[in-house]
Amino acid sequence: MKKLINDPDDVVDEMLDGMVAAYPDQVRRLPDTKVLVRADAPVDGKVGIVSGGGSGHEPTHAGYLGAGMLDGAAAGEVFTSPTADELEELVAAADSGEGVLMVIKNYEGDVMNFETAGEMVEMEGTDVAEVVVDDDVAVEDSLYTSGRRGVCGTILVHKAAGAKAAEGADLAEVQRVAQKVVDNVGTMGMALTSCVTPEKGEPTFDLPEDEIELGIGIHGEPGVERTDVMSADEITEELTGAVLDDLDLDEGQEVLTIVNGMGGTPQMELFVVNRKLQELLGEHGLETWDAWVGDYMTSLDMEGCSITVCAVDDELKELLGASAETPALTVK
Amino acid sequence: MSDQGEAVVAAVAAVADRLEAERSYLTDLDSAIGDADHGGNMARGWAAAAEAVADMADPEPGDVVKTAGKTLLSEVGGASGPLYGGSLVFASPELADGLTAETAVAFAETYLEKVQDRGDARIGDKTMVDALVPAVHTFKKSVEVDEMTPVEGLSKAVAAAERGVDFTVPIRASKGRASYLGWRSVGHQDPGATSTLYIMEELLGVARERLDVTEPLPDDAESPTVPDGEVTED
């Protein structure tokens, strides 16, 4: 398997240095850690927003550092939670004295390490709140979680919480809007191919040429169903149907949608999926307020996509549409 | 370095040696129902912890435990880091006044509480909790109600943990990665309960060696003591 890497052990380190070199005005690295923070962190008078998790999901998480979104992001090893001591530094670096919201994806290692870090920082006098994102409608429990996994909907939590914090809201308010997104968002993903981790150098799972996997997470963990290859429209129907069944929205509801690439799928195909997604939403009587298409939360080089639907009201529209300036997402 | 601090440093070193010796056995247990990294993670983490505490200048028991826990947090990662390391860090303030029967019980209870809280697991979920709950309860009762010395109490607790480990074999996992296997987890011994037992066995070994258990214990801060006055079980 060919990869643009030097040594699997150095991949995360070298990636972070490369990111800092690409966006020197926007992000900086805390010495001796795998934590990146926005260049001006902690921002005076503002609640800090932090996130993190395993590497391999770029641009998640550090790609969302900046005005209107995250103050800090911790990168674990590939598909591995950051350790609690790194997260402790992350939270401490994001605190301007107004407290810090930790956005956690529901994976056991992430939840435990974040909560441990949060409690340790609290012992030092920092106010900490958390929100656990569990938007994946595919599974109730998985190889890595009790309860549903946290996947691409996390980006919207970063966006809404970041916008609220930028307005100067307090920690409880920021946590409230973050939870509001969690309560209104659903995602389902699929894979055309397995991903290849730098460490292993070969596909994580064996997916025959004529089969696809529905309901995958973002680590190459097994999905819920393996089926024969389907057309883009059929796949879109499967994913959209599962998400809409779960959300159970009223007719006329406005939604924000994301067609998210898993890392190895061309934009061309993502737009093809988005075309069908919007058609299906119309058939369900839903109104698209905004539609995002691109690689937001990837799984290394996996080919495939996920579909996220988030029900929005006036408050969420204002927050999700508010300006943000980060390496991976700019909203004006 | 206080005698007690030295004893705790020795205990961390003993645990590190034991987990290195059991490394492949724990990984075998984990490969049956988990992701086959428990032996390596624990051995690596405790080796680093032993190194870190050996370098401490003039440590007291609470500081040693805290340093060991912090090292586990940064070296082990995954869910085991917070469960084993984080719980040590959070329970370590209980030893601020040194190691006595009272502080040892408080430490054990806080440690258990943190593990259960963090992992959200109960008895019967097929986790380390199955070894820890009977051990801590037995320790508390032995010391507080049966008025045993802490070392005798710890010996009872180890026996209880052993029964807890055996208890994990026939049951179905409902927490942690093994829970994904459902009924296929039946018949396998839980690696977390097993490593917890090993840690306790080493603590007992060091306590027996370093702390006098045959003589009645003097009532001073440098030695483990049974609490005087009436003891209530809550």
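Because the structure is a prediction, the values reported are computed rather than measured. A note on names: the letters A, B, ... follow the listed sequences, proteins ahead of strands, and every chain is numbered from 1.
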Spatial distance of atom [atom1] ([X]) from atom [atom2] ([Y]) [nearest 0.5 Å]:
X: A/M112; Y: B/D120; atom1: CE; atom2: CG; value: 8.5 Å
X: B/L72; Y: A/D85; atom1: CG; atom2: CG; value: 11.0 Å
X: A/N113; Y: B/S74; atom1: CG; atom2: OG; value: 10.5 Å

Are there over 12 heavy-atom neighbours, none belonging to [X], within less than 6.0 Å of that residue's [atom1]?
X: A/E199; atom1: CD; answer: no
X: A/D32; atom1: CG; answer: no
X: B/E51; atom1: CD; answer: no
X: B/K114; atom1: NZ; answer: yes

Q) Taking non-hydrogen atoms and a cut-off under 4.5 angstrom, which of residues 115-125 of chain A neighbour chain B? A) A/E115, A/T116, A/E119, A/M120, A/M123
Q: Pick one of side chain, backbone, both or neither for B/V89, based on which atoms fall under 4.5 Å of a heavy atom in chain A.
A: side chain
